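Since this is a predicted model, take the numbers as computed values, not measurements. Throughout, a chain's letter reflects where its sequence line sits, starting with A, and its residues are numbered from 1.
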Amino acid sequence: MRRSKAFIPTSKEAPSDAQLASHIFLARAGFTSQVASGLYNYLPLGKRVIKKIENIINEEMEAIDAQELELSFVTPSDLWKESGRFDKFGSELLRFKDRKNNDFVLGPTHEEMMVNVVRDKITSYKQLPINLYQIKTKFRDEARPRFGLMRGREFIMKDAYSFHSSAEDLDREFNAVENAYKKILTRLGLEFRVVEADSGAIGGSGSKELMVISDSGEDTIAICDTCEYGANVEAAVRQNVEISSEAPEAEFNKFKTPNIKTMDELSEFFSVDKAYLVKSVAARAMYDDSDEIVLFFLRGDDNLQDVKAANSLGANEIVEIAESDLEKVGLVSGFMGPLDMDKVKIVLDNSLKDAKNMICGANESDFHYVGVDMSVMSEANFADIYEVKEGDTCRCGGKLFYKKGIEVGHIFKLGTTYSAPLKANFLDEQGRSQPFIMGTYGMGVSRLMASVVEQHHDDKGCIWTKSTAPYLVNIMISNIKDSDQVALGEKLYEELKNNGVEVVLDDRKDRFGFKMKDAELIGFPYTVIIGKELANGNVQIYTRSTCEKMDVSSSNIYNKVMELV
RNA sequence: CGGGGUGUAGCUCAGUAUGGUUAGAGUACCUGGUUUGGGCCCAGGGGGCCGAAGGUUCGAGUCCUUUCACCCCGACCA
């Protein structure tokens, strides 16, 4: 491509609303432009990068025998009503009517559509397993789009769906896809972790997320410093805590604690480690068509993990609750405890099971119980509801710490969550009709493009990896009026182009500094500088990642470039 | 959906408290000259329904009402 003809609208100034490096540089370097909230155009350079990523995905999916297809974007809402998600998905699902007044949705994910494609066509276990995928624009009407491509409303996602006759075969495919995804991210040049994840609203028996490590990530993941363990904090677990400090041994007794409400105050009042206190967290659990107040109890030094808490109840979510609502049902804020709690449902964290010498609220203003033996609560509802903290001990004995991650992939063992309600069945070896055992595997393509920039940039601009660069080589003619420079530039350009190298010739009538800054902003891996050194028979290769210039004899430049690319 | 903020040239922003020539700067763009190793320089030029609608006023970018859009914090997020 000749730079003089290329549509690459670079700019010195970033859009005022851009926060993240990826957003700033993709906009400034002319890869993307914003249309409306959460909607972006892919300009020529951006489109090339997207294609690069898609090609890598296609190759790795091909390698595990997954087959690409493409489903229609506009989906009749009947399918969504069959699965029950038409009502459940909420306002993120964009619904509309056609001229005949029929309901449609814009696909935010395509479980229903894919099940619909195979049902009645795959009817025997002999046709299984099968893995079908597409790379396609998705639409989710996000409540709050942000961070440029990271959380748009319209985005490109690769979504794969596998169908199996047994859970064992699903396990095999799940591992195969995980490995394929790892290869994809490695080829893209990304630092990432595969972590245990909460299965969320999509349902299913297990899931993992692929997290690109980045401070700008929206997810918090807990990672072990010793073993391979990593998990989203929504699902992270640890070794049982051993409390080193001395237990506050006491006879069971009601103790006056005037106006002592918080864990900090209690800890100070009794001079005791917070681990010996029972923390209570009140919340409202939201179900499909009802809600209730629930009290969660944890060790005083732990925090409640909302997602775990909701899962412990089978609730959709838990939300904060006003103090006045607590009073209405007779709860005493600041002094709530699990003993004899008959006003609302309670859930206790597993770490409280059989705990001795605990201090907890007495459900009476200004009083706590001391010397509480939690084993009296053994019949109560216990669950894992704590949130792993930095410094907690991993089950392997190592230390857990936090990292921020960008979720670029999420793989699920779905089971029959969709095949059963959609009546997608096959006949097994015994001739029995069974719903497909399914897996679903998502990967955010446009988000990957932003992730590459998040991990690979400096204050000058993008630094594309070889596998993602829109063009590998930029030939810069320093002075377009110097006919020798032009001649060499043109010759090298033709040679590289004819040998399949993706190359740009910067033949613009601009000064050296301007063109260099532009090249650095865009982030071509290599720029060949044809400048005043040509008089001495030399040109230079500028490597974007190191910002180093290497002298090369002009006669040898073609071979040298071919070595690099 | 709650709280906050911003809408003026392609882009980044002044101007709005206190209404008053023809609405500004930088940058980008066009023309000519000049320059060619780090976003030069000189001269000239085009470009605006001051987000939209209504109102107050002799007069509104500026004041009032309504509305739309975008952004930030939170909630939400297969």
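Across the protein-nucleic acid pair, A:Arg146 atom CZ and B:rC76 atom P stand 11 Å apart, rounded to whole Å. Between A:Asp506 atom CG and B:rG39 atom C1' the separation is 13 Å, expressed in whole Å. As rounded to whole Å, 5 Å separates atom C1' of B:rU36 from atom CZ of A:Arg511. Separating the CD atom of A:Glu13 from the C1' atom of B:rA25 is a distance of 12 Å, rounded to the nearest angstrom. A straight line from CZ of A:Phe514 to P of B:rC41 spans 13 Å, rounded to a whole angstrom. For the pair A:Gln19 CD and B:rG5 C1', the interatomic distance rounds to 12 Å; values are reported in whole Å. Regarding A:Ile8, its CD1 atom lies at a distance of 21 Å from the P atom of B:rG39, rounded to whole Å. Rounded to whole Å, atom P of B:rG37 lies 22 Å from atom CD of A:Glu548.
Checking B:rG39, B:rU35, B:rG37 against the side-chain heavy atoms of A:Lys532 singles out B:rG37 as nearest. Side-chain proximity of A:Glu92 to the nucleotides B:rC77, B:rU35, B:rA75 is greatest for B:rC77. Comparing B:rG37, B:rC77, B:rC71 by their closest approach to the side chain of A:Glu533 singles out B:rG37. Of all nucleotides listed (B:rC77, B:rU12, B:rC72), B:rC77 comes nearest to the side chain of A:Glu142. Checking B:rG74, B:rC71, B:rG37 against the side-chain heavy atoms of A:Asp17 singles out B:rC71 as nearest.
Residue A:Arg151 places a side-chain atom within donor-acceptor reach of the base of B:rC77, judged by atom type and a 3.5 Å distance cut-off alone. The base of B:rU35 sits within donor-acceptor range of the side chain of A:Lys481, with an N or O pair under 3.5 Å. Between the side chain of A:Glu320 and the base of B:rG74, no donor-acceptor pair of N or O atoms lies under 3.5 Å.
The nucleotide B:rC1 finds its pairing partner in B:rG74, both defining distances of the Watson-Crick or G-U wobble pair being shorter than 3.5 Å. Remark: B:rA69 base-pairs with B:rU6. Criterion, Watson-Crick or G-U wobble with two distances under 3.5 Å. Shown here, B:rA23 forms no base pair; nothing in the strands shown gives a Watson-Crick or G-U wobble contact with both key distances under 3.5 Å. When both distances must be under 3.5 Å, the Watson-Crick or G-U wobble mate of B:rU31 is B:rA43.
Among the heavy atoms of the strands lying under 4.0 Å from A:Gly531 is at least one base atom, whether or not backbone atoms are also near. As judged by a 4.0 angstrom heavy-atom cut-off over every strand, A:Ser11 is placed among residues making no nucleic acid contact. Within the nucleic acid shown, A:Gln540 comes within 4.0 Å of at least one base atom, counting heavy atoms only. If you check every strand for non-hydrogen atoms under 4.0 Å, A:Lys138 touches nothing. At a threshold of 4.0 angstrom between heavy atoms, the contacts of A:Asp159 with the nucleic acid are absent. Residue-level contact check: A:Arg508 touches neither bases nor backbone, having no heavy atom under 4.0 Å from any strand.
Looking only at distances, no side-chain donor or acceptor of A:Arg511 sits under 3.5 Å from a matching main-chain atom of A:Asn479.
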Inset, instruction - Let me see the working for A:Glu82 and A:Glu112 under side chain to side chain contact (heavy atoms under 4.5 Å, CB included), right down to the final yes or no. - result: CA-CA 9 Å; A:Glu82 264 189 79; A:Glu112 286 85 352; over 6 Å; no
Inset, instruction - For A:Ile156 and A:Lys136, run side chain to side chain contact (heavy atoms under 4.5 Å, CB included): C-alpha distance rounded to whole Å, both residues' side-chain angles, the deciding distance at 0.1 Å, then the answer. - result: CA-CA 5 Å; A:Ile156 302 170; A:Lys136 199 173 175 69; over 6 Å; no
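Sequence order on RNA chain B of the closest nucleotides to A:Lys549 and A:Pro15 puts A:Pro15 first from the 5' end. Along RNA chain B, the nucleotide closest to A:Gln34 and the one closest to A:Glu317 are compared, and the more 5′ of them pairs with A:Gln34.
Note on A:Glu292 versus A:Lys345: salt bridge recorded, some NZ/NE/NH1/NH2 to OD/OE distance being below 4.0 Å.
For an aromatic pair to be called close, the ring centres must be under 6.0 Å apart, and A:Trp464 with A:Phe31 satisfies this.
When each of A:Ile475, A:Val473, A:Val503, A:Asn556 is tested with A:Val561 by the rule side-chain contact (heavy atoms from CB on, under 4.5 Å), just one qualifies, namely A:Val473.
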